[in-house]
Structure formats: structure tokens, C-alpha cells
Amino acid sequence: MEDPVMELLPESCCDGAGSVHFQPEPSSLSFSSSDRTPAAETREGVVLEPIEEATSSMEEGSFSSGNKEVSSCQEPTLPLVQKITNLSTKIQNLKNEHAVLSDQVKNISTDFFAQPELVGALQLLGKEHEHLKKKFVQQQAERKRLYNEVIELKGNIRVFCRCRPLNQAEVEKGCNDVAEFDSCQDNELHILSADSSKKPFKFDHVFRPDDNQEVVFAETKPIVTSVLDGYNVCIFAYGQTGTGKTFTMEGTPENRGVNYLTLEELFRVSEERRGFMKYELFVSMLEVYNEKLRDLLVLNPSETSKRLEIKQAADGTQEVPGLVESHVSSTDEVWKILQSGNCIRSVGSTSANEQSSRSHWESLIDGQKTRSHLWLVDLAGSERVGKIEVEGERLKESQFINKSLSALGDVISALASKSSHVPYRNSKLTHLLQNSLGEPLFPSDLGETLCSLNFATRVRGVETGPARKHSDHNELLKYKQMVLL
Ligand SMILES: Nc1ncnc2c1ncn2[C@@H]1O[C@H](COP(=O)(O)OP(=O)(O)OP(=O)(O)O)[C@@H](O)[C@H]1O
């Protein structure tokens with residue numbers, strides 16, 4: 001029959017362990033309670049014995065309780081009362097040993113502080129620690145400054161162009177690629193125009209049809225470190241429906257996109273910095289549809305009627321009071337949240353869907369605290385802009401998208417020309433992104449980047465005939481079969 005008392009105790013106790021072996025380094029001596037005499041229970045009350053002896057007594061699995069030797073294997077037939085008595089004795093012994101050890105710890109610290117040379121050495125170490133901490137903080141600041149200077153030199157606004165492969169239907173229709181890539185240049189492509197001439201276009205980087213998600217992410221990855229250094233970042237994809245915006249930003253479970261890989265990197269770097277930095281990450285997801293904000297993390301439809309507005313916080317940043325911010329601690333957690341948000345996106349909508357990650361961080365070294373914002377935006381399909389064939393709700397939607405993308409173009413243009421007025425408030429989209437688009441310094445070559453944006457209009461002309469002149473500012477952002485990141 002099973003012994004109920006034995007079952008309740010950990011194995012070491014059931015073995016009859018009553019002898020605690022304490023090996024303070026570096027003296028290589030051990031303490032055995034079995035040798036304790038009444039004298040041993042005074043303040044110094046520890047009898048030291050050679051470690052070999054103690055170890056062998058442990059291996060044999062026996063222990064002494066007072067003067068009585070108890071076998072490690074309890075007789076299964078021992079009466080229950082006897083077993084309980086034995087265990088009580090063991091518990092009492094352990095309590096006594098604990099008291100002795102506590103005394104010993106006290107003695108050690110008293111002894112330590114009684115030795116001036118040790119106290120002096122400790123003080124020296126303390127000073128050195130303070131000095132290294134200060135140096136570490138300075139070098140961290142320097143690393144941050146230099147790193148972000150490199151980012152700025154590369155361009156605060158960077159435009160990448162991704163050409164997706166022709167899909168099955170396009171191949172069957174006999175479509176040809178209109179883009180040609182320069183084998184030596186990874187920032188240039190040529191568009192074959194109707195008259196067989198080639199037009200060159202430059203970007204910060206051109207991704208080719210066979211470039212996978214990791215290759216695309218490699219270019220955005222350095223920016224992620226900036227977010228963890230307290231900089232605001234905005235990554236958005238622009239392009240005609242079906243050109244791969246969602247594929248690039250979200251991806252699929254087998255081919256994760258920028259959103260997922262970015263968050264994975266955020267968690268990886270914050271884990272790497274765990275010893276000296278404490279990060280907290282919050283995720284929100286919202287949709288700008290017909291110039292209205294909708295919280296995609298509010299699952300109860302009755303709550304979604306709550307009107308969300310953009311407000312300026314005391315520190316000048318843009319806030320959306322009432323927007324759900326989920327505290328997250330792993331990429332999988334974020335992914336689940338985003339998937340639930342995706343489920344309530346406007347069906348078939350061509351609105352802008354934005355995922356915002358707000359990170360708060362605190363330096364564990366100097367207590368400095370800051371926060372930053374990362375926007376990952378899946379913009380509306382650009383082909384709706386300027387089209388007049390649609391009617392009713394779709395026409396209204398198109399007009400809003402038109403306005404929104406046009407406002408984005410105006411903001412970038414104003415920033416590029418260093419205009420004293422940047423019209424952020426002309427659309428909800430630009431108003432929301434204000435802090436992530438406008439705060440940093442802009443490099444002198446931004447004009448070049450804007451020229452790259454003009455490419456959009458021209459490429460459009462290549463496929464649909466001569467470039468049409470539009471009366472609005474949307475030309476700046478139009479293009480076909482490409483995604484700007
Ligand atoms: N680089 C790529 N490699 C392979 N497949 C791609 C690539 N880009 C896009 N696709 C595929 O093309 C199809 C359309 O892409 P996606 O849905 O991302 O386009 P979109 O621009 O987001 O369209 P919409 O504006 O309608 O949301 C998808 O089936 C996607 O898997």
C-alpha cells in the first residue's frame with residue numbers, strides 16, 4: 001500500500017535527508033547538523049568537518065537527528081504516528097540549521113565590515129562601477145547619435161520600389177514586364193515605353209520580382225533600431241490594387257511581411273538590451289475610411305460608433321483619445337491582435353489601414369525615459385484616384401482617397417521645399433502621421449527623392465498611353481505595378 005505521508009514530501013525528504021552540507025567558498029569545508037552539540041548552537045554554532053567525510057555520509061543517504069541514526073529507507077510497515085514523529089524531528093532540525101546559517105551570514109557581514117582593507121576595496125569597486133556606468137551612458141548616447149546620423153544621411157524619407165512578378169493571369173494574357181533592371185545598380189530601373197525607348201528611374205533601392213520578403217525587410221530593419229532609440233518612424237506602402245501592398249506589409253503566414261518582421265526585430269533588440277533598458281510596447285490598429293477614424297481593435301460593434309478624433313497632447317504629439325492600445329510582449333501576441341483587427345476592416349475598402357506601435361522605454365542605468373511611435377500604413381489603392389467611372393458610395397470613397405493621398409503628397413512636397421507651412425491638417429492621414437513625417441531634419445537630397453516619386457505618374461503613362469495631365473496634386477504619387485515603401 002502507498003504511504004500517504006511519503007507521497008506528500010519531496011524525494012530528498014523521503015530519503016531521510018537531515019544533513020545539510022554547506023560549502024562556503026573558498027574554504028572547502030562543510031557543515032553537518034548531525035555533529036551539532038549544544039555548544040554548536042551558540043552564535044558560532046557550526047561544526048566544520050572535512051568535505052569528503054560529509055559527502056560520503058550524504059551518499060550513504062543517512063542522517064543524524066540528535067544522537068539517533070535514522071535509515072534513509074523508511075520501513076513501509078512503520079506506524080504512521082512514528083513516521084510523523086520522524087518527519088517532525090527532521091523539520092525541527094532543518095529549522096535549527098536555518099537559524100545557525102542565518103547567524104553565520106550575520107557574522108560574515110560583521111567580520112567583513114570589521115576589515116578596513118575589504119571595505120576599502122568595496123568602495124573602490126563601487127566608484128569604478130559608477131564611473132563605468134557614466135561612461136556606458138555617454139557611449140550609448142554617442143552610439144545613438146552616430147547611428148541616427150547615418151540614417152539621416154541616407155535620407156529621412158526613403159523611397160523603395162518593389163516590382164512584383166507577373167501573376168498567372170498576366171502571363172496567360174501574354175503581358176510583358178515593362179521594367180528592366182541594371183545589373184550593377186540596385187537603385188535604378190528602366191521602363192520600356194511604348195515607342196521602345198527606355199526611361200531611367202532612381203530610388204533609394206529597387207527590389208526585383210525575385211526579391212523575397214527578407215530582402216525587402218533588410219532595407220527597413222535599420223530604421224527599427226531608431227524606433228527603440230526614441231525616434232518616430234512611418235513606413236507606408238503605396239500602389240495600385242493588386243500590386244502587392246498588403247503582401248509587402250502584412251505578408252502571409254509562410255511569407256511574413258514588413259509589419260511582422262519589424263515587430264519581431266523590435267522584440268529581438270529590446271531583449272538584447274534587457275540588462276540596461278526596459279521597453280514597453282503598445283499596439284493600436286485603426287482605419288481611416290472616408291475621413292473617419294475607426295478603431296479596429298474594438299471588437300464589439302456597438303462600441304465602434306464612438307467617434308474618434310485626433311487631439312494634440314500637451315507635449316505637441318498627436319493623440320487619438322479612446323483608441324485601444326494593447327500592451328504586447330511578443331510578436332505572436334501582436335499578430336493575433338492584428339488578425340482580429342483585420343477581420344473588421346471595411347469589406348473591400350480601399351481605405352488606409354494603419355498599425356501603430358508605441359514604445360515606451362526606460363534606461364535602467366540612468367533612469368531616462370522616452371517614447372516613440374512607429375506607424376505601419378497600408379494605403380488605399382492608388383488607381384481609384386482621379387477615376388470618374390465610379391458612382392454613389394464608391395465615388396464618395398474615391399474622392400476621400402483622392403483627397404487623402406493628395407494631402408500626403410502636399411505634405412511631403414512642403415517638407416521637401418522646407419516650406420514654413422506644412423498642411424498636415426488637410427487630411428486625417430497626414431494629421432495622424434504628423435509627428436512621424438515632419439519632426440526630423442530633412443537632408444538636402446530630398447528633392448531627388450521627390451523626383452523619384454514623380455516616377456509614379458510617368459510609369460502610369462507608359463502603360464495606359466501618354467501621360468495625362470491631372471489638375472490636382474496626385475500626380476506626385478501615382479504609379480502602376482509598383483509599391484513604394
Ligand atoms: N512580390 C510578390 N511576390 C509574389 N506574390 C505577390 C507579390 N506581391 C503581391 N503578390 C500577390 O499578388 C496578389 C495581390 O497582392 P496584394 O493583395 O498584396 O495587393 P494590394 O496592393 O494590397 O491590393 P489592394 O490595394 O487591393 O489591397 C496577392 O495574391 C499576393 O500574394
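One-based numbering, in listed order, for ligands and for the atoms of each.
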For this session: Compute the shortest N/O to N/O distance between G242 and ligand 1 and return yes if it is under 3.5 Å, no if not.
Result: yes
Exercise. Under the criterion side-chain contact (heavy atoms from CB on, under 4.5 Å), which of L297, V298, L296, L323 is the partner of L286?
Worked result: L323
For this session: Below 4.0 angstrom from a heavy atom of K245, which ligand 1 atoms are there? Numbered from 1 as shown, please.
Result: 18 (O), 19 (O), 20 (P), 21 (O), 22 (O), 23 (O), 24 (P), 25 (O)
Exercise. Under 4.0 Å from any heavy atom of T246, which atoms of ligand 1 are there?
Worked result: 18 (O), 20 (P), 22 (O), 27 (O)
For this session: Please determine, by modelled atom types, if T430 and Q434 share a side-chain donor-acceptor pair under 3.5 angstrom.
Result: no
Problem set entry | Minimum-distance pair of heavy atoms, taken over all atoms of Q213 and L261 | O-CD1, 4.2 Å
Exercise. Any N or O on F247 sitting closer than 3.5 Å to an N or O of ligand 1?
Worked result: yes
For this session: Examine the proximity of ligand 1 to P165 and report which part, side chain or backbone, both or neither, has a heavy atom under 4.0 Å away.
Result: side chain
Exercise. Non-hydrogen atoms of N167 versus ligand 1: any pair closer than 4.0 Å?
Worked result: no
For this session: Quick one: sort the W375 and H373 rings into parallel, tilted or perpendicular, breaks at 30° and 60°.
Result: parallel
Exercise. Would a distance-only check, ignoring hydrogens and angles, find a side-chain to backbone donor-acceptor pair under 3.5 Å from Y279 to L228?
Worked result: yes
Problem set entry | N or O contact, T248 vs ligand 1, cut-off under 3.5 Å | no
Problem set entry | Close approach of R162 to ligand 1, heavy atoms, under 4.0 angstrom | yes
Seminar exercise, completed: To the nearest 0.5 Å, atom CD of E325 lies from atom CG of L281 at 10.0 Å
